[in-house]
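So the structure is just underneath, and the comments pick up after that.
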Amino acid sequence: MIDLSINLGKGLILDNPILTASGTFGYGDEIAEVVDVNCFGGIVTKSLSLEPRIGNPPPRIVETAAGMINSIGLANIGLDAFLKEKVPYLRELKSRVFVNIAARSEEEFCDVIKVLDREKWIAGYEINVSCPNVKEGGIAFGTNPNVLRRLTRKLRESTDRFLIIKLSPNVTDIARMAEIVQECNADAVSMINTLYGAAIDIQTRKPKINTVIGGLSGPAIKPVALAHIIKARKVIDIPIIGIGGISAGADVIEFMLAGATAVQLGTVNFFNPGAIYEILDFIEHYMDQHRLKSLNEIIGQAQV
Amino acid sequence: MIDLSINLGKGLILDNPILTASGTFGYGDEIAEVVDVNCFGGIVTKSLSLEPRIGNPPPRIVETAAGMINSIGLANIGLDAFLKEKVPYLRELKSRVFVNIAARSEEEFCDVIKVLDREKWIAGYEINVSCPNVKEGGIAFGTNPNVLRRLTRKLRESTDRFLIIKLSPNVTDIARMAEIVQECNADAVSMINTLYGAAIDIQTRKPKINTVIGGLSGPAIKPVALAHIIKARKVIDIPIIGIGGISAGADVIEFMLAGATAVQLGTVNFFNPGAIYEILDFIEHYMDQHRLKSLNEIIGQAQV
Amino acid sequence: MKCVATAIIRSNQKVADGIFLASLEAPEIAGQCLPGQFINIYFPETTKIFPRPFSIAGASDSRIKLLYKVIGSQTTLMSGWSAGQKIKILGPLGNIFDIQEQHYRDFILLGGGVGAAPLMFLRDELVKKGIKPYFFIGAKTKAELPVVEDSASHLILTTDDGSVGLKGNVVEHFLRMAENYKTPTQVSVCGPDMMMKVLKDISLPQNMDVFVSLEKTMACGLGLCQGCVVETTSGKYNGHYALVCKDGPVFNIKDVKFND
Amino acid sequence: MKCVATAIIRSNQKVADGIFLASLEAPEIAGQCLPGQFINIYFPETTKIFPRPFSIAGASDSRIKLLYKVIGSQTTLMSGWSAGQKIKILGPLGNIFDIQEQHYRDFILLGGGVGAAPLMFLRDELVKKGIKPYFFIGAKTKAELPVVEDSASHLILTTDDGSVGLKGNVVEHFLRMAENYKTPTQVSVCGPDMMMKVLKDISLPQNMDVFVSLEKTMACGLGLCQGCVVETTSGKYNGHYALVCKDGPVFNIKDVKFND
Ligand SMILES: Cc1cc2nc3c(=O)[nH]c(=O)nc-3n(C[C@H](O)[C@H](O)[C@H](O)COP(=O)(O)OP(=O)(O)OC[C@H]3O[C@@H](n4cnc5c(N)ncnc54)[C@H](O)[C@@H]3O)c2cc1C
Ligand SMILES: Cc1cc2nc3c(=O)[nH]c(=O)nc-3n(C[C@H](O)[C@H](O)[C@H](O)COP(=O)(O)OP(=O)(O)OC[C@H]3O[C@@H](n4cnc5c(N)ncnc54)[C@H](O)[C@@H]3O)c2cc1C
Ligand SMILES: Cc1cc2nc3c(=O)[nH]c(=O)nc-3n(C[C@H](O)[C@H](O)[C@H](O)COP(=O)(O)O)c2cc1C
Ligand SMILES: Cc1cc2nc3c(=O)[nH]c(=O)nc-3n(C[C@H](O)[C@H](O)[C@H](O)COP(=O)(O)O)c2cc1C
Ligand code: FES
Ligand code: FES
């Protein structure tokens, strides 16, 4: 048996480095018939907020070249329904479960964490800092160094659990953001969230996404994710969880060589729901071929 | 005859809104056998610097999903050779010629402009602010608001010619950058230059691009370009020249609806050298179908 | 249980202008399909990443029938399918046209163009239950009318230009014959948005329940992406958004809000 | 004059393990082609945007021959080409193997695997001029050897395992026969980088000029993107970068710097 496990630090070991990306896998239950959810090293749930949110009006998604734009608007069932309806399923999974949290204020983040901290089975939190901060005039938490610092500090004070800050790529200096997260003692960064993207219908002149500008994801953004990870890896040493356009096993190796300790599958879940099987096969084959005993041997080993 | 002309202001009218993007069309002469260069409303030449530059070592290009990364390193023949070897061809073109300038310091920009100002046939300059500013520790001119302001002011003082600032998309707040350019009385902005991107060879562990991180272009980035243009259009009223992933006539209309007065074809020149013909046909057909007398009727008309 | 499977194209024939009928061998999926459900078709190595959803137009233990119209890049690729070729599909997806034969006394199928697809399957199931439905299929012209023979139902063809069947709009003819239907009547509809909007806006004969199969751009087809929402009025979804891929594609027309 | 043209596939046959020989009808381009030049092949609607460059392996007034090996996605697409299919190509591109029959007294063609492609065309031109070249083609095994019959040249086949022709490396055998060549000798080479590097590093017999056809990833093939540079030593390019698509693909081996 090839050992695919990776160590995220703080005693957190995943059976393999493949997680699901928030918002692209629901709560794992919708897809359970099609894919064995326990094949994933970890599951990251759809962004959860204190209250349920119905999300944005349609149209919410559009296909672009090798990618897609979405503007779901963080539609989610809210904390209460999550506890009642999803926890029974999630807590029984072999995969480690990370709850992704989105909020409009620091307080809302902390309120959600306070409740979730009681659920001992949760492996960690991933904080979606790409959502607008209402107190700062709606700009995203993750795009202003000071706002990001204050939030991360506060979150760190409020919980001992494994804390991942999910960085937005829509910034001038991603390395600075990663540094701040590390300075504030978060346990890992995950990157990248979606890029800003837009599309317009040339017949109706209407935007193809209700909010005009949405989030671009999919294979198209893979090079951007890699560039950001390489920059961040140079300045931080907490684990990086790589996200962005991964669709095949070779992509996973590429992200790990660039500096990611684990990765998340996002848009690929839509266009190849069984990708996880192909990816795990590929990685085993690659490890065999390159005589790797552990995936640790490749993390950050690109000659960059 | 359908009128495709557009007015960039300051008396500058192009026969049609399609220009070439710097660095993807050489100086027009290499491709002249294959495409009638005069079909373009304008030609933007490869970034020109004071001295010749041999550019970066190979590998310089790599294919990515619906895009490519390049790290040519602004290889160019330098001002003297440009004047001697390229001017005789360029000055005879019917298309308006814009000279794209890249430099490592404000002074170098001004020095190039001083010489080019003598060439009366040049329609305007496009300033590549994505190149590193050696005085500011190598960060790109276009990523720091103050550096961008100082440069644009200086350039504006140094020439009366049509001045286009070509914005970098790798910033947190593109609208702010566009505003600065307008405040400093440049005549137009062009956007976007390439996004940061990287790729790694999983067999050799070497980056697929010599400089590790290069510039991502092609259809993959079209949604990002559109999002940036929509944001800029909200805050400036000087013309925007749209660039990024355009490969078909429908894309041109989409960019114009989003707020672009003209557009540039970049990477498409590589994968469809005759794209200009298909694009002009499409636009004529579209204008006919939508009973447009002038393309002015669609600029910025998306309901965003 | 829905699953990803490799399907083998067994036939793929043009049946009208730009309209094809394909038969896919996919025993893992075929046997479970019910009318109203759909499958996702995956396409390798194209810049278009979304799978494409298609209604199941008929199913046996091992085969699935599709009736599709060529309208863009992926349906063009499909029109080039040749027998023996293998494709990847996921299904069966979505809810069903629930035949409530205890409750309803007459069954109407109302298809606009290629919207006939899910209704063909529904017709098959009704016939199996010994029911002979009215099957209206409308198109602009004879050339665009997808299906022309059917003895198991009261088939009523309509074309806008009268080139075959009754002249005029399919909804119009369906209403004109309303007196003939025994009540309560179950009406199952699939067609262009416009056709459904008309049905929503007019006042329908009494004791008639209308179920529509909706189409929205889908990324996953599984309820993962939350991309395929439709606005609902009140009814079952309390005016919240419903997912066409998971809560639908079949909805009671009363619950759906159609936008302009 | 180079141009974009629609080519019609006339034949496309497997000639060895994973190696195909195709004939394309493209009169706008075919008539102008010279040995050493290549064409770009464009592929619609894939995520791979670069055209793919292929050496011209032969040309008549109206047709172009290609010899290609299936190594990735686009060559896999090519292997599925069927007669009558239309594709888009650009050519002829690049410089040529310049036959200097006044200067040289013997001509050697040295092909590694599918590297034989441009040399087949060069052989045809030499033969037209009444010259009978030595044509070495090497491969790992018989199954991978692209061409097996040729009466117009002194054909020497080599395989690493000796399954056909001489056993051993093609460069080795070419050197072993060096005494037979009249001098000055013109050697034209196309093959894997490794093979050319070996040729660069060994000391060659006197009075022998070696010209190599290089391969680099290309985006445009026209000198627009500056992506396909090769480092040169001194020589014609003064140690500057040269563009493989425009200054090449054929270079004097002396001018080229091979990296590890
Ligand atoms: C539940 C459902 C069942 C369907 N059943 C049938 C059927 O039985 N027969 C039939 O001919 N068509 C059916 N369609 C429509 C079919 O999916 C589209 O015609 C097809 O996706 C077009 O793909 P294209 O690449 O050829 O066109 P494109 O050029 O990509 O798109 C043209 C139009 O097709 C629609 N479309 C594109 N992508 C998607 C997507 N991922 N999801 C949904 N719609 C999309 C959009 O309206 C788009 O504007 C169904 C759609 C849905 C949602
Ligand atoms: C001037 C020239 C002439 C050539 N002549 C022949 C020939 O006659 N017969 C033949 O079999 N092959 C020839 N090649 C190589 C051929 O271009 C590649 O095998 C082909 O591009 C592979 O495409 P793919 O999509 O199947 O492989 P991919 O999986 O995309 O790539 C596999 C490898 O092919 C090469 N390659 C990919 N894209 C390009 C590109 N845009 N430009 C150049 N190389 C690329 C790279 O080395 C890459 O690692 C030539 C290359 C050049 C530059
Ligand atoms: C439809 C959709 C919904 C998403 N929802 C969320 C979300 O709720 N929270 C979040 O942090 N990221 C969300 N994301 C971003 C993804 O988790 C991921 O960061 C991004 O899609 C890039 O990865 P990919 O290219 O592999 O998809 C969403 C992405 C998509 C496509
Ligand atoms: C190979 C290559 C070279 C480029 N060189 C330059 C350059 O010299 N100066 C410049 O301002 N932009 C340069 N660019 C950026 C393009 O002009 C354009 O902004 C970018 O490619 C996005 O447009 P596209 O997606 O249509 O290619 C280059 C792009 C490519 C692909
Ligand atoms: S298509 Fe993804 S939720 Fe319906
Ligand atoms: S491939 Fe573009 S310059 Fe050679």
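Just so it is clear, the values below take in all heavy atoms, side chains as well, and ignore hydrogens, waters and symmetry mates. Protein chains get the first letters and strands the later ones, always in sequence-line order, with residue 1 at the start of each.
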- chain B: which of D:Ala219, D:Pro51, D:Cys3 shares the most heavy-atom pairs with it under 4.5 Å?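 Highest number of pairs under 4.5 Å: D:Ala219.
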Part of [X] lying under 4.5 Å from any heavy atom of chain D:
| X | value |
| --- | --- |
| B:Thr64 | backbone |
| B:Val268 | neither |
| B:Ile54 | both |

- Task: Decide if atom CG of D:Asp201 counts as having more than 12 heavy atoms of other residues, nucleotides or ligands within a radius under 6.0 Å.
- Result: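 Atom CG in D:Asp201 is packed in, count exceeds 12.
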- Task: Determine whether more than 12 heavy atoms belonging to other residues, nucleotides or ligands lie under 6.0 Å from atom NZ of D:Lys69.
- Result: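 Result for NZ/D:Lys69: open.
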- Item | Residues forming a side-chain contact (heavy atoms from CB on, under 4.5 Å) with D:Ser60, sequence neighbours excluded |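 Scan of D:Ser60 (side-chain contact (heavy atoms from CB on, under 4.5 Å), adjacent residues dropped) gives D:Ser62, D:Arg63.
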- Message: Within the structure provided, determine whether B:Phe271 and D:Cys220 are in side-chain contact (heavy-atom separation under 4.5 Å).
- Response: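 No - every pair of side-chain heavy atoms lies 4.5 Å or more apart.
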- Query: So do the side chains of D:Val4 and B:Val34 get within less than 4.5 Å of each other, counting heavy atoms only?
  - Reply: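 Sidechains of B:Val34 and D:Val4: in contact.
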- Message: Ignoring hydrogens, what is the shortest heavy-atom contact between D:Tyr241 and B:Gly55? Give both atom names and the distance.
- Response: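 Nearest pair, atom of D:Tyr241 first, then B:Gly55: CE1-O, 3.6 Å.
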- Task: Kindly give the heavy-atom pair with the smallest separation between B:Phe270 and D:Tyr42, and that separation in Å.
- Result: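 Looks like O-CE2, 3.7 Å.
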- Item | CD on B:Glu30 to CG on D:Leu243, rounded to 0.5 Å |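 D:Leu243 atom CG to B:Glu30 atom CD measures 8.5 Å (nearest 0.5 Å).
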- Item | Euclidean distance, B:Asn272 CG relative to D:Ile49 CD1, rounded to 0.5 Å |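 Here the rounded value is 11.5 Å.
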- Query: Under the side-chain hydrogen bond (donor to acceptor under 3.5 Å, both in side chains) test, which residues partner B:Arg104, sequence neighbours left out?
  - Reply: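 Residues passing side-chain hydrogen bond (donor to acceptor under 3.5 Å, both in side chains) with B:Arg104: none at all.
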- State which residues pass side-chain hydrogen bond (donor to acceptor under 3.5 Å, both in side chains) with D:Lys2; sequence neighbours excluded, sorted by chain then number.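 Residues passing side-chain hydrogen bond (donor to acceptor under 3.5 Å, both in side chains) with D:Lys2: none at all.
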Flag the one option from [options] with the top tally of heavy-atom pairs under 4.5 Å to chain D.
| options | answer |
| --- | --- |
| B:Pro219, B:Gly274, B:Pro273 | B:Pro273 |
| B:Gly73, B:Pro57, B:Pro59 | B:Pro57 |
| B:Gly67, B:Gly23, B:Ala75, B:Gly218 | B:Gly67 |

- Using a heavy-atom cutoff of under 4.5 Å, enumerate the residues of residues 221-232 of chain D that contact chain B, numbered in order, or state 'none'.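 Within residues 221-232 of chain D, near chain B: D:Leu222, D:Gly223, D:Leu224, D:Cys225, D:Gln226, D:Gly227, D:Val229, D:Glu231.
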- Message: Report which part of D:Phe50 has an atom under 4.5 Å of a heavy atom belonging to chain B: side chain, backbone, both, or neither.
- Response: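 It is both, since atoms from each part get that close.
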